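Single-structure report; data block below.
Please read all numbers here as calculations on a predicted model, not as lab measurements.
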Amino acid sequence: MTDTARILCTAKITCTAKGPAGEGQTRLGFSADYADGANAEWAKWTPVFSQTMVVLDQVAELFKVGQHITLLFTEDQPLPVV
């Protein structure tokens with residue numbers, strides 16, 4: 001992300017799952033965080049969120065089940081034409 005990236009929206013999410021996904025890899029699961037009205041504004045437009053990804057174990061160490069995270073959706077900058 002650059003200093004000029006345009007944030008389209010944010011979402012409050014929670015890490016809901018963490019488990020092995022192969023040699024040196026971990027599968028992470030995320031869902032919308034509705035605790036304490038965290039997503040009240042966002043949920044009006046997008047009431048459901050779930051995401052699964054596989055990362056290297058060293059990256060997975062940054063995440064804990066139950067951890068609350070703010071996800072930023074940013075618009076990509078156009079690639080220069082070569």
Side-chain angles (χ1 to χ4, degrees):
M1 189 166 79
T2 66
D3 291 338
T4 59
R6 185 170 79 116
I7 297 173
L8 301 175
C9 66
T10 63
K12 300 291 186 179
I13 62 173
T14 302
C15 181
T16 54
K18 183 176 180 179
E23 187 65 33
Q25 299 178 347
T26 301
R27 181 177 314 279
L28 299 171
F30 302 91
S31 294
D33 180 356
Y34 295 110
D36 301 324
N39 272 322
E41 184 64 27
W42 180 76
K44 288 192 300 188
W45 311 110
T46 311
V48 176
F49 175 86
S50 66
Q51 178 70 44
T52 302
M53 65 180 184
V54 174
V55 298
L56 297 178
D57 288 346
Q58 65 193 50
V59 174
E61 291 174 12
L62 300 171
F63 297 92
K64 307 281 186 274
V65 172
Q67 181 179 16
H68 301 277
I69 300 164
T70 299
L71 182 62
L72 301 176
F73 291 88
T74 61
E75 184 174 31
D76 286 345
Q77 301 298 319
L79 296 174
V81 177
V82 180

Quiz item: Sequence neighbours excluded, which residues qualify as side chain to side chain donor-acceptor pair (under 3.5 Å) partners of Thr26?
Solution: Asp57
Quiz item: In Å, rounded to the nearest 0.5 Å, how long is the span from CD of Glu61 to NZ of Lys18?
Solution: 7.0 Å
Exercise. Would you name the heavy atoms of Ala21 and Arg27 that are closest together and state the gap between them?
Key: CB-N, 3.6 Å
Quiz item: Under the side-chain contact (heavy atoms from CB on, under 4.5 Å) test, which residues partner Ala32, sequence neighbours left out?
Solution: Tyr34, Asn39, Trp42, Phe49
Self-check item: Distance, nearest 0.5 Å, that separates NZ of Lys64 from CG of Leu28
Solution: 10.5 Å
Self-check item: Joint cluster assignment, Phe63 & Val54, ILVMFWY side-chain distance < 4.5 Å
Solution: no
Quiz item: Within a strict 4.5 Å, meaning less than it, do heavy atoms of the Leu8 and Arg6 side chains meet?
Solution: yes
Quiz item: For the atom pair SG (Cys15) and CG (Asp33), what is the distance rounded to the nearest 0.5 Å?
Solution: 11.5 Å
Quiz prompt | CD1-CZ distance between Ile7 and Phe73, expressed to the nearest 0.5 angstrom | solution = 12.0 Å
Quiz prompt | Common cluster, Leu62/Val65, ILVMFWY with side-chain heavy-atom separation under 4.5 Å | solution = no
